Amino acid sequence: MPELPEVETVKRGLVKLILYKKFIQAEVRESKSVMGDFKGLIGAELVGLRRFGKALVMDFNNDWSLMIHLRMTGQLIWQGEERFAAGHPTEDFVREMPSRHTRVILEFDGGKLYFNDQRKFGFCKVLRTVEVGEDGFIKKLAKEPWGMEVKEFWEKLQRRKNSVIKAALLDQTVIAGLGNIYTDETLFDAGVDPRRRAGKVTRQEAEKILEGARKVMQRAIDAGGSTMATYVRADGTKGSYLEEFAQVFQREGQACFRCGTEIKKNRVAGRGTYFCPRCQK
DNA sequence: CTAGGATCCTGTCAGC
DNA sequence: TGCTGACAGGATCCTA
């Protein structure tokens, strides 16, 4: 699931649970999921957590850092005295760890952090703290919607004027943090058809899209904590917070909450895309 | 430089 | 039941 709000939820959970804990060792079960060498982190204390778009960075007190990107199916599960699970929601949230999807186990003083990733697209990368900003992904990353002025956003859209607006919003060098869900939710909120060319989006619509992205993602962040609590409390219950707030995502054939028209699903920018044909022009 | 499709990988589900 | 193809909450690489 991991788009910006989910990664922010992971970050907040880890701040509460493992900040200032000492890293003991790592067990790498899938070498493909790891870049760099965990040796540099052994014995160091976790002193900071940062998020860059959908990427999470853990900083240690010896000038080494650990960057984690969950991509499509990554999740992090902390098992100490308490349990915390966030990222891509699967049955593994409530299962005994490790599972068959566990790629790396990070042992801290007081518990273990399990990096699970069904499809192995995600990764952990050990690097010098000063090199975090030089990482290819982070270096190219655009601002997040809260820090972006309409003018700058508009200009970035012109750079991708021949792409559909959905593709432009998914491009992390245009705006950081949106993935397939929040792009659809944002465009619904802004009343813009995902198939429109980015260059045809008016300045006013661009402003609505920016505001929509902020609103939609902030709501998800605010809901994140309680959702996780629900997940852990429930004995196997598969509740999804998507159901709580999604206006269009995975609602194909259902009535639009705003106008009652059937929500449609199309392939746009190579991704399953949900929208209301009446509310989004 | 951009745009669009293929690709990495595993799992699930619909249709035969 | 078993097989096949499509698809999946991401990003990069390749080609035109």
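A note on names: the letters A, B, ... follow the listed sequences, proteins ahead of strands, and every chain is numbered from 1. Just so it is clear, the structure is predicted and the values come from calculations on it, not from any experiment.
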> What string of B, S and - do you get for nucleotides 1-6 of chain B 5' to 3' if you count protein non-hydrogen atoms under 4.0 Å?
Replying inline: -SSS--

> Could you give the CZ-to-C1' distance, from A:Phe249 to C:dC7, as a whole number of Å?
Replying inline: 12 Å

> Atom CD of A:Glu185 and atom C1' of C:dG9: how far apart are they, to the nearest Å?
Replying inline: 11 Å

> CE of A:Met72 versus C1' of B:dC9: gap in Å, rounded?
Replying inline: 10 Å

>> With rounding to the nearest 0.5 angstrom, report the CG to CZ distance, A:Leu14 to A:Arg12.
In response: 12.5 Å

> In whole angstroms, how far is the P atom of C:dG10 from the NE2 atom of A:His88?
Replying inline: 10 Å

>> On the nucleotide B:dG11, are OP1 or OP2 found under 4.0 Å from the side-chain N or O atoms that A:His101 carries?
In response: yes

> Given atom CG of A:Asn266 and atom P of C:dA6, what is their separation to the nearest angstrom?
Replying inline: 18 Å

>> Can you give me the closest heavy-atom contact between A:Ala142 and A:Lys156, atom names plus distance?
In response: CB-NZ, 4.2 Å

>> Without decimals, in angstroms, what is the distance between A:Asp92 CG and B:dT10 C1'?
In response: 13 Å

> Rest of the hydrophobic cluster containing A:Val130 (Ile/Leu/Val/Met/Phe/Trp/Tyr, side-chain heavy atoms under 4.5 Å)?
Replying inline: none

> Any side-chain heavy atom of A:Phe249 within less than 4.5 Å of one from A:Glu185?
Replying inline: yes

> Which pairs count as ring-ring contact (aromatic ring centres under 6.0 Å, His included) when at least one residue sits in residues 22-68 of chain A, sequence neighbours excluded?
Replying inline: A:Phe23-A:Phe108

>> Roughly how many Å apart are C:dG9 and B:dA14, using the P atom of each and rounding to a whole number?
In response: 16 Å

>> Show, in sequence, the C-alpha distance, side-chain angles and deciding distance for A:Ser65 and A:Asp59, and conclude whether the side chain to side chain donor-acceptor pair (under 3.5 Å) test is met.
In response: CA-CA 4 Å; A:Ser65 293; A:Asp59 296 310; 2.6 Å; yes

>> What's the gap between C:dA6 and B:dA6 when it is taken at their C1' atoms, as a whole Å value?
In response: 15 Å

>> Using modelled atom types and a 3.5 Å cut-off, is there a donor and acceptor pairing between side-chain atoms of A:Arg219 and backbone atoms of A:Ile221?
In response: no

> Does the pair A:Thr129 and A:Asp63 meet the rule for a side chain to side chain donor-acceptor pair (under 3.5 Å), with working shown?
Replying inline: CA-CA 5 Å; A:Thr129 302; A:Asp63 298 325; 5.2 Å; no

> If you look only at pairs with a residue in residues 94-108 of chain A, which of them pass as a salt bridge (charged side-chain N to carboxylate O under 4.0 Å, His left out), with sequence neighbours excluded?
Replying inline: A:Asp92-A:Arg95

>> For a 4.5 angstrom cut-off between non-hydrogen side-chain atoms, does A:Lys265 reach A:Gln250?
In response: no

> DNA chain B in dot-bracket, Watson-Crick or G-U pairs under 3.5 Å, [ ] crossing, | other strand?
Replying inline: .|||||||.|||||||

> What is the distance, rounded to the nearest whole Å, between atom CG of A:Leu178 and atom C1' of C:dG9?
Replying inline: 12 Å

> For the pair made of OH in A:Tyr274 and C1' in C:dC7, what is the distance, rounded to whole Å?
Replying inline: 10 Å

> With nearest nucleotides of DNA chain C determined for A:Gly136 and A:Gln250 from heavy-atom distances, which residue corresponds to the more 5′ nucleotide?
Replying inline: A:Gln250

>> Give the residues of residues 117-130 of chain A touching DNA chain C, defined as any heavy atom closer than 4.0 Å, sorted by residue number.
In response: A:Arg119, A:Phe121

> Using atom C1' of each nucleotide, how far apart are C:dT12 and B:dG11 to the nearest Å?
Replying inline: 23 Å

> Are A:Glu82 and A:Lys16 ion-paired here, with the side-chain N under 4.0 Å from a carboxylate O?
Replying inline: no

>> Any side-chain N or O of A:Arg267 below 4.0 angstrom from OP1/OP2 of C:dA6?
In response: no

>> Whether the A:Gln254 and A:Tyr274 side chains hold a donor-acceptor pair (N or O, under 3.5 Å, no angle test) is what I'd like checked.
In response: no

>> Taking only the C1' atom of each, what is the distance from C:dC7 to B:dG5 in whole angstrom?
In response: 16 Å

> Has the side chain of A:Glu6 got a donor or acceptor that lies under 3.5 Å from a partner of the other kind on the base of C:dG9?
Replying inline: yes

> Does a side-chain N or O from A:Arg71 land closer than 4.0 Å to OP1 or OP2 of B:dC9, or not?
Replying inline: no

